[in-house]
Every structure is written in C-alpha cells, then in structure tokens.
Amino acid sequence: MARHRIFSGIHWPSLFLMLGLCTAGILIIYSATHGSEMADLKNAAIQQGAWVGLGLACYFALAFSDYHRWVAQGWAWFGGGLFLLLVVLLFGREVNGAKSWLRFGPVGFQPAEVMKLAFLVGATALLVTMREKMEKFRTVLALVGLALIPVFLILKQPDLGSAAVFLPMCFGLLFAGGTRLRFLLIPAGIGLAGVLAIYLWVGHFGKELPFLKTYQNNRIRTFFDPNLDPLGAGWTIRQSIIAIGSGGFGGKGFLRGDQNMYGFLPKNIAYNDFIFSVLGEEWGFLGGSLLILGEAALLLCIAWIGMRAPDLQGRLLAGGVLGMLFTHFFINVGMTIKVVPITGIPLPFVSYGGTFLAVCMAAMGLMQSIWRQRRLG
Amino acid sequence: MLLARPTANIPRRMQAAMIVVAMAAGILLQRLFVVQIMEGEKHAQSLINQTTIPILLPPPRGLILDRNGMALAENRARYDVDLYVRELSGNYARAHRGRLPMTLVEVGVGEKRRKQKQVDIDRIVQETAAEPLRNLGIQLNYDVEELRRHANQRPNTPFQLATQIDFATLSRMSERDPRIPGVDAAARPVRWYPYGALASHVLGYVGAPEEQTLETFQPEVIGKEGMEKGFNADLEGVPGGKILKKNNLGFIMEEQGYQAPQPGKNVYLTLDARIQTIAEGVMRRVGRGACVVMDPKSGDILALVSVPNFDPNSFVPGGTGERADWKRMLGDETKPMLNRSIGAYAPGSTFKTLTALSALENPAAKFTPQTVIHSPGSVYIADRWWKDWNPDGQGDITLKRGLAMSCNTFFYQLGVRTGIDSMTEMAKRIGFGEKMLLGPDGESILAGEDPGTMPGKKWMEDRMAERKKKYKEQIEKWVADGRPGPRPTPPPVERWSDGHTANTSIGQGFVRVTPLQMSVMMSAVANDGTVFRPRLVQGVALSTETGVKPVREFSAAVKRGDLGVKPENLAAVREGLRAVVMEGTGKNAAVKDVEVAGKTGSAQFTTRIGGGLVKDTRTWFTGFAPFKDPKYVITVIVEGGVSGGSTCAPLASEILFKIFEMEKGVPPALVYQAPVVGHFHGVTASDGSYVPGAGPTPTDDTDGDGGVFGGIFNWFDEGNNSGGGGRGLRRNR
C-alpha cells in the first residue's frame with residue numbers, strides 16, 4: 001500500500017526517457033570501442049553500465065528525498081565542490097594535458113562535473129536568500145560572481161568546455177527565478193552579435209582578428225570551412241560529417257560503421273564527445289532524429305516539472321538543470337554536424353563518462369523529487 | 001507587466017523555454033536531414049574515397065607475332081618499388097600533425113609558366129622511405145622532376161621509385177618488409193622486343209600516355225607508332241582490379257573483391273621474321289633505304305624494311321632496354337623514325353613497266369609486244385627534244401629490248417601513243433595514288449603510309465583549281481589588309497600536255513610511288529594479272545588456356561582487281577623484265593640457279609642537308625623470282641644511291657639469294673638487332689666516287705634516267721610541295 005503511494009507520484013516519462021538514452025549510450029559506446037586494444041576503451045561499455053547503476057542509485061536517493069533539504073545544505077555542497085576542485089588542481093592526474101581527474105584506486109571521477117551539481121544547489125541557495133531582490137541587477141552580478149569561482153578553478157585545469165556550461169546554468173537559474181528579461185536578453189544579444197561579427201570577419205571575408213594568434217584565427221576559419229585544412233584542424237569535424245552523412249537514412253547497422261572502425265573518427269573521442277557521429281553512421285537519420293527527439297523530450301519534461309514546481313526552490317533547480325542539459329545537448333550534437341564549433345563537452349546520458357552521467361542522473365532525481373511535491377491543477 | 005509579478009510569469013517562461021528546446025531540436029533535425037539525406041551520397045563517396053584504395057591491375061599487353069608464330073613483341077617481368085603518393089603523404093601528414101613540407105615548383109609551359117606551391121613529395125620520400133630501402137640494398141633511381149609531376153597529375157597510379165630491382169633484392173624486401181605505408185614492391189609486365197630493331201617500323205613502339213586523360217583506367221603504356229598504335233585497342237586488354245580497405249593510418253585492413261586482368265589480344269603479322277632479318281641484314285649497308293618482299297600469289301607482305309631504324313625497347317617507359325636519345329633521334333636528318341617502305345618516291349624507270357602495261361591494255365595504242373618503235377637518241381614531243389640516256393639511241397626495237405635497255409625514247413613515244421588517260425586507268429587498277437594498307441572498314445592499318453601521286457588530266461585540273469582558290473584567298477586577304485605590299489602575282493596556269501605524258505611515261509615529273517605500291521604492281525605482273533590487296537596483318541586472336549580464339553581475321557589474297565592485260569602480252573612484259581636481268585640494266589640482280597626478273601630505276605633528287613642543296617639520287621630495283629613460278633616479289637629503294645642497276649640490283653640479288661638459301665635449309669640467325677644508323681654517304685658521292693659495298697662501278701649506270709627532268713624538290717618541304725616536279729628547282733634557285 002505504502003509502496004503504491006510512493007510510486008504514484010513518479011514522473012514516468014522522464015524516467016523512461018532517461019533509461020532509454022542510457023541504454024542507447026551503452027550500445028553505441030560498445031560499438032565505438034569494440035575490438036579496440038587500448039585499455040581505456042576495451043571495457044568502456046561495461047564501465048558505463050556500472051556507472052548507470054551508480055547513477056540510478058543517486059537518482060532514486062534524490063527522487064525520494066525532499067529537494068528543499070539539498071538547497072538548505074547548498075552552501076556546504078558548493079564549498080565541498082570547490083574543495084574538490086582545489087584538490088584536483090593540487091593532486092589531480094593529468095590526462096590529455098588537463099588536470100581533471102581524481103583517482104581512488106580503480107575508481108576515478110572529475111570534480112568539475114560534480115561541481116555542476118554543487119553549483120546548482122549553491123546558486124539556488126543564493127537566489128533563495130536574495131529572492132526579494134530578484135529583479136535587481138545586483139542579483140545577476142552576485143550569481144555570476146558566484147559562478148566565476150568554480151569557472152576560474154576549472155579553467156586552471158584547463159577545461160574550457162566544462163567551464164563554459166556554468167554560464168547557461170546561470171541563465172537558466174535567473175530565467176526561472178524571475179529576473180528581468182532584459183538582464184538576460186541584452187547580454188545574450190550582444191553575444192550573438194559578436195559571433196555573427198566574427199563569422200563575417202573571419203569566415204566570410206577571410207580577415208584575421210587582431211587580438212588572436214594566427215592558429216586561433218585558423219581554428220575559427222576551419223570551423224566555417226573544414227576543407228581548408230582537411231588533414232589538420234578540420235580533420236575531426238570533416239570526419240564527423242562524413243561519418244554521419246554516409247549513414248544516410250537507415251544507417252549501416254550496429255557495429256558496421258567503417259568510419260569509426262577504421263579510425264577516421266579518432267578512437268579517443270568517438271565514444272564520448274563524438275558519440276553522436278557513431279550513432280549517425282550506424283543508425284542513420286532514423287536513429288539520429290530519434291535521439292534528438294528523445295533528448296528534447298527529456299528537456300521538455302524538465303521544463304514541465306519546472307512549471308509545476310510548488311515553490312521558488314523547485315523552479316530554480318529546474319531552470320538550472322534545464323540550462324545545463326540543454327547546453328550540453330545542443331552543443332554536443334550541434335558540433336558533430338557543424339552547427340556550432342567543436343567544444344569538448346559530452347552528450348547527457350549517452351556519452352561515455354561516469355561522473356557526468358551520475359551527475360545528470362542525480363539532477364534528474366532532483367527533478368523527480370520536485371515532481372512528487374508538485375502543485376496540483 | 002509580467003515582470004512585476006515574479007511568481008506569475010513562471011509558467012509562461014517555462015513555456016518559452018519549451019519553445020526554445022523545440023526550436024533547437026528543429027535546427028538539429030533540419031541540419032541532420034541535410035547532412036544525411038540531402039548530402040548523404042556525397043559523404044558516402046568521401047568515405048569510400050578515404051577508406052578504399054582502388055588498385056588497377058594492368059593487363060599484360062598482347063603479343064605481336066610473325067607468320068610462323070615467332071613473337072616480335074612480347075612482355076617480360078620487371079620488379080619495381082612502387083610508391084602510392086597519397087598513402088605516403090597522408091601518413092606523413094598525420095605523423096607530423098598535418099604539416100607537410102612545401103616547395104615551389106615551376107609548372108605550365110610558355111607564358112603560363114609560373115611557380116606553384118606544392119607538397120615536397122621528394123622530401124617526404126627521402127625522409128621516410130629512402131633510408132629503410134637503402135638498408136635493403138635498394139637505391140632509389142627516380143627523377144625528382146618526374147616524381148613531382150606524377151604526384152601532381154596522377155596521384156592514384158603507382159610511381160616507380162626504383163625500377164628493375166633484381167629478384168634477390170625483391171625477396172629480401174618481402175622477407176624484411178620495411179612497412180612504409182604507400183611503398184610496395186611490384187612485379188609488372190613490360191614490353192620487350194626480343195629482336196631489338198627488327199621490323200621496328202612495322203611494330204612501332206609504346207610510350208607513356210598523354211597526361212591529361214581522366215579515364216578511370218590509365219594504362220602505363222600505349223602504342224605510339226606502327227602496330228602498337230594501330231592495334232592498341234586489341235593489344236591493350238582489360239585491366240583487372242582489387243579494392244583495398246585501409247584505416248586512417250593507411251594500413252591495409254582487408255581486400256575487397258579481386259578481378260583478374262584480361263590479357264591483351266595477339267596480333268598476327270604476315271611478316272616472316274627470317275626474311276625480315278635477311279632483308280634488314282642486307283639493307284643495313286645503305287644509309288637510307290627500304291625493301292619490300294611480298295608473296296605475289298597472295299599479296300602477303302613477308303618483309304617490310306626501312307633503314308635507318310630504331311630499337312623500340314629504348315622507348316619503353318622504365319623499360320629494360322637502353323634509353324633512347326630523343327634529341328639525337330629527332331635531330332637526325334636521316335630520319336630513322338620515317339618508314340620509307342611506305343613513303344612516296346619518284347619511281348624513275350621502274351614506271352616504264354606501267355607504261356608498257358597501259359599500252360598493251362589500250363586497244364587505241366595499237367601496240368603489241370611485236371610492235372617496232374624507232375628509238376633514236378632523242379625525240380621531238382611538245383615543242384622540245386627529249387633525249388635518251390644513250391645519245392645514239394637504240395634503233396628499231398620492240399618492247400623486250402625497250403625494257404631491257406630501259407630506252408627512254410621508246411617509252412616517250414609509247415606513252416604519248418597510249419595517252420595519259422590510259423596510264424591513269426592502269427595506275428588506278430593497281431592502286432597508285434591511294435593508300436594500300438587498309439583494314440576491312442577502310443581504316444589505315446599502318447600509320448604514315450603515303451598515298452603517292454598519280455598525275456593525269458583530272459589531277460592537273462584539280463591542282464589548277466586549288467591554285468586558283470589559293471590565289472583568290474590571297475587577293476581577298478590583300479584587299480582586306482588594306483593592300484600592303486605589291487599585289488600578289490597570279491599563278492601560272494598549266495594544262496596537261498604531251499610533254500607531261502612523255503615525262504610521266506618514264507616515271508619522272510609529278511608521279512610518286514611507294515615501294516609497297518611498286519611491289520603490288522610487280523606482284524600483279526608476276527601472278528598473271530591479279531591485283532591483290534597487300535596484307536600485313538593476318539588477324540587478331542585471343543590466346544587463352546583452352547587455345548587460340550580468333551577475334552578478327554583479315555582474309556588472305558583479297559583481290560582488288562585485274563590488270564586487264566591479255567596473258568600473252570603480260571608474258572611478254574615478264575620476258576622483257578627477265579631480259580633486264582639477263583642482258584640489260586639489271587644484270588646485278590641475277591642470282592645463281594634462280595631466274596630473276598625485274599626493272600631498275602633512278603630518279604635524281606636534290607636534298608637539303610645542313611643548309612646546302614645536294615644531289616640525292618633515289619635508286620630502285622623491283623622484280624620477282626623465280627621467273628617461271630614467282631614466289632617472291634622484291635622492291636629495293638636506296639636514297640643517295642648511284643643507279644638502280646649498280647646500287648639496288650645487287651642488294652635485291654643478295655636478299656633473294658639468302659631467301660632461297662633459307663628455303664634450302666640455311667635460315668638466318670634470329671638475334672637481337674642493333675638499330676641501323678643512317679648516313680648520307682651516297683649523296684656526297686654524286687661526283688662518282690661512291691662505291692656501294694658489293695656493287696659494280698658507277699660506269700654501269702644505265703637505268704635510262706640520264707638526268708632528264710629529275711624530280712627535284714626540297715626534301716624538308718615535302719609536305720608543302722604537292723606539285724613536285726621541276727618547279728621546286730626553279731623556285732629554289
């Protein structure tokens with residue numbers, strides 16, 4: 001009887017969408033890594049499966065807790081996250097030129113990913129205390145100032161992609177919290193205009209930005225035209241497009257991606273940041289569009305939960321999670337098909353990477369917790 | 001305002017967020033649709049391009065064989081170190097983070113010549129491949145310029161970094177595989193002419209194809225001349241292929257599909273390698289000349305010789321022969337690449353045979369072998385005196401004596417008597433003035449054949465019309481250009497006269513005949529009047545494991561027509577030709593124990609050599625043997641000879657002698673032939689000092705062409721000088 005009551009409040013669509021995406025992720029990771037000799041890759045699918053298990057534990061733990069409790073402890077979590085970031089800077093393992101891993105025996109994790117969650121509750125706590133001044137600009141400044149602390153530490157690693165996600169999280173929090181729209185839209189407009197200007201200047205007219213080095217200019221130019229340097233900077237994006245494009249409508253079938261198998265899509269990124277390229281090649285437009293729709297549906301669920309949240313805490317949490325996951329989703333998928341420049345951030349629930357997966361599932365657990373206390377009607 | 005009530009606006013904001021999510025998904029879906037559905041094909045092709053290496057396996061070229069099945073052109077294996085440019089440079093790029101060494105290379109020709117930045121493929125080769133290959137004992141012997149050009153123009157076909165490595169080195173390379181992506185050992189069939197320069201003008205040679213073709217298959221060699229060119233499509237075969245799958249480092253992962261190449265078809269010639277060897281062996285002695293040996297009963301060409309010649313092995317790209325010195329070959333004024341056996345020459349007295357045939361065939365001429373014609377030292381025709389070579393003349397003589405002594409005054413009168421129309425008709429029946437080596441569809445079998453010239457009234461009218469047209473154009477241009485300089489003078493108008501006829505009747509003036517055409521005429525005389533089409537190719541056949549399968553056959557003894565001369569009259573002509581060798585101008589053609597008949601001839605020419613005009617007499621002998629049952633027709637021509645009787649008849653005699661020796665069981669040794677080097681010795685000796693190898697002294701010069709109207713023109717202006725004749729001389733002076 002009690003059991004029935006508990007589960008009756010569950011938001012089933014988001015749970016199943018999440019599980020579906022996780023399952024797809026394990027399958028594609030297997031396809032991207034099978035037959036590989038490298039130690040890191042060989043057991044990637046099994047490891048991902050284990051992390052899904054851990055993530056589910058976090059999910060349900062949070063889902064059946066009261067989210068207010070976590071917001072109340074928000075500052076502690078935020079402080080703990082910063083502590084981990086400092087530890088990783090001091091004692092972290094350097095992988096691919098970035099100090100982002102903390103290892104305890106066989107298990108390792110990335111504090112920067114944990115920080116996203118810690119920042120979420122910390123920022124929510126901040127905004128809740130400033131709820132009366134929500135329409136003031138200094139609230140915006142305060143939040144951005146708070147975000148800059150972890151961003152600075154993460155940039156020290158350096159991990160530009162992870163650091164960049166804090167900005168849209170702030171955006172989501174403020175948007176859901178009820179700040180004035182112009183505080184959000186004017187900076188966003190300036191940002192967009194800047195991107196457009198760079199496109200016209202560098203990509204279209206072939207000029208150089210004076211404050212950037214030549215190779216940085218080239219990287220921008222390569223984004224706009226990967227064919228300029230097919231073997232160098234444009235290699236990955238070009239190979240990604242070839243992989244996805246060659247998949248056609250129905251794809252080549254599971255484990256049948258030549259582009260991936262023959263290593264044109266670099267093995268060390270195919271199973272995490274470029275997982276969508278593997279999917280696109282093997283499952284075609286059918287699989288690709290299904291994944292996009294799945295991710296989008298999950299994001300809609302979050303927005304829906306945010307809409308039905310009983311209080312400011314719930315709304316803020318939903319807005320922050322929405323900002324984070326939306327950014328990951330859009331940039332990750334977008335970079336593989338040349339909608340946005342290449343930025344190394346994973347696809348939620350699908351890309352290989354245990355810490356981020358667990359963080360995302362925990363975030364979904366928070367959403368579930370909000371849903372269980374939703375306003376009715 | 002919404003902003004004033006923070007809690008109230010949240011549902012609207014979440015709705016807006018939903019719309020943003022939906023729009024973002026829409027953008028991604030749209031882009032995904034473009035990439036996968038609209039551009040899918042293109043990307044799939046890129047994938048194929050970068051993961052597969054199509055390797056074309058060149059088919060072995062078909063053989064060219066003589067009538068007895070001896071291969072005159074074949075293939076032999078050569079071991080090379082191949083470089084696949086794209087594999088090597090692609091791999092290098094990845095190993096060096098996409099940075100390739102660049103260099104400035106001059107490209108283009110003439111005004112378009114410019115410096116272009118290109119990948120320094122040579123440096124890449126030197127950095128990656130040179131050292132490991134050297135350790136295997138392989139010295140790279142490629143030309144840097146050639147490598148650059150190849151890498152730029154034909155990156156998909158292998159480039160030979162080292163050619164002709166020996167078998168031991170090859171085995172060492174396969175044992176200790178140096179594993180340089182894009183560098184591989186390969187065995188390939190290359191063209192080989194086992195007898196060197198033998199029949200080089202017939203066989204032709206092979207060379208690298210022109211660079212610009214974008215065909216999927218580009219053969220490594222194509223035929224450039226002769227049979228190699230004319231039958232290239234048959235000889236070439238169908239390439240096979242295999243598709244290799246490679247990974248991003250260029251390593252071959254697997255092989256997809258294999259199709260064996262289909263070897264080229266074989267071409268069977270009518271030539272007899274032994275007779276060709278005999279004839280070339282004898283003709284080697286003269287600086288410039290040609291010889292045709294033909295079977296009069298079928299028209300089969302048994303030997304087609306032209307000297308000087310060349311060694312086709314020296315043209316095979318990357319071949320195993322000595323490399324040809326192109327500059328020397330092209331600059332050589334003796335023109336070793338020219339096939340003289342199908343080049344047109346003034347026939348001189350050999351043409352008297354045709355004059356006799358026309359008169360005997362033409363009832364209006366009222367001429368029989370018994371007809372006596374008074375032949376003094378000179379005769380008066382068309383307002384001038386025409387001299388015989390003998391100032392005393394020959395007196396009252398018949399055809400036999402006229403032919404034997406090659407009496408000019410006899411044939412001047414005979415020619416005028418039968419008329420030019422009759423001679424033109426006879427020439428047409430034989431095929432003078434037309435190409436002879438034609439396939440069933442009228443296509444030329446052997447490139448470079450000259451149709452020759454058979455003049456006549458119609459020919460003269462056409463020539464005048466052409467001249468008039470040219471003058472008209474000249475005037476029009478003169479008017480259009482605003483009349484600079486003096487008005488062009490109108491061309492002289494010539495009409496066919498008896499003088500032209502008389503001149504033609506002794507083979508002087510405008511008439512031009514090829515040695516091959518002469519052989520066809522002599523064959524018809526020898527075989528009782530049937531004109532056969534000369535045959536050089538018996539057929540094309542595909543040689544398979546199960547046997548030889550004919551693809552195309554060119555029938556033997558294809559009749560072109562008849563001379564139309566009564567058998568008894570034809571016999572009389574043959575008697576006359578026999579008398580030439582027995583008691584007349586062609587005594588030197590006699591062969592022990594074999595009855596030879598024939599006709600000598602010589603035509604005086606002026607050649608420009610090194611800027612100066614010199615006398616360059618073209619001397620002829622054409623005949624057949626044995627007299628009773630002719631088996632061989634032979635025509636010999638020598639440029640810069642003294643006379644047909646003294647220069648060519650001995651050569652013909654020696655060739656015939658050796659052929660009959662061969663029939664008795666003494667064949668010539670078939671060995672590798674070095675090319676014959678041309679010279680102008682006979683030319684410098686026009687003062688009488690030239691003594692040909694085996695010939696008698698020039699005092700025997702009695703071909704009957706005592707310098708009357710020698711065809712004089714500038715050899716190097718031949719193409720422009722369709723008129724020939726004496727005009728050139730006047731103009732040159």
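Here is the naming used below: chain letters follow the sequence lines, and residue numbers restart at 1 for every chain. Reckoned from all heavy atoms, side chains included, excluding hydrogens, waters and symmetry mates.
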Minimum side-chain heavy-atom gap Ser240(A)-Ile337(A) below 4.5 Å: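 Contact flag for Ser240(A)/Ile337(A) side chains = no.
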
Measure distances from Phe326(A) to the heavy atoms of chain B and classify the residue's part below 4.5 Å as side chain, backbone, both or neither.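 Only the side chain of Phe326(A) comes within 4.5 Å of chain B.
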
Return all side-chain donor-acceptor pairs below 3.5 angstrom for residues 286-296 of chain A, not counting sequence neighbours, or 'none' if the list is empty.
unit_1	atom_1	unit_2	atom_2	d
Ser289(A)	OG	Phe285(A)	O	2.6
Ser289(A)	OG	Leu286(A)	O	3.2

Within a radius of less than 6.0 Å around CE of Met102(B), do more than 12 heavy atoms belonging to other residues, nucleotides or ligands occur?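 Yes, because the 6.0 Å sphere around CE of Met102(B) holds more than 12 heavy atoms from other groups.
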
Ion pair check, Arg134(B) and Glu131(B), cut-off under 4.0 Å: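 Salt bridge between Arg134(B) and Glu131(B), a charged N being under 4.0 Å from a carboxylate O: yes.
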
Below 4.5 Å from any heavy atom of chain A, which atoms of Glu41(B) appear? Answer side chain, backbone, both or neither.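 Contact with chain A involves no heavy atom of Glu41(B) at all.
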
For Ile48(B), is it the side chain, the backbone, both, or neither that has a heavy atom closer than 4.5 Å to a heavy atom of chain A?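 It is neither, since no heavy atom gets under 4.5 Å.
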
Nearest heavy-atom pair of Asp82(B) and Ala186(B): which atoms, and what distance?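 Nearest heavy atoms, Asp82(B) then Ala186(B): OD2-CB, 3.4 Å.
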
How far apart are the closest heavy atoms of Ile370(A) and Ala309(A), and which atoms are they?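 Scanning both residues completely, I find the closest heavy atoms to be CG2-CB, 3.7 Å.
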
Roughly how far apart are Glu127(B) CD and Asp120(B) CG, rounded to 0.5 Å?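 Nearest 0.5 Å value for the CD-CG distance: 8.5 Å.
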
Interface residues of residues 30-40 of chain B facing chain A - non-hydrogen atoms under 4.5 Å apart: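 Answer by number: Arg31(B), Leu32(B), Phe33(B), Val35(B), Gln36(B), Ile37(B), Gly40(B).
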
With chain B, which of Gly245(A), Gly251(A), Ala297(A), Gly247(A) has the greatest number of heavy-atom pairs at distances under 4.5 Å?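 Between Gly245(A), Gly251(A), Ala297(A), Gly247(A), the count favours Gly245(A).
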
Any chance the side chains of Ser246(A) and Lys252(A) put a donor and an acceptor closer than 3.5 Å?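 Per modelled atom types, Ser246(A) and Lys252(A) side chains form a pair under 3.5 Å.
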
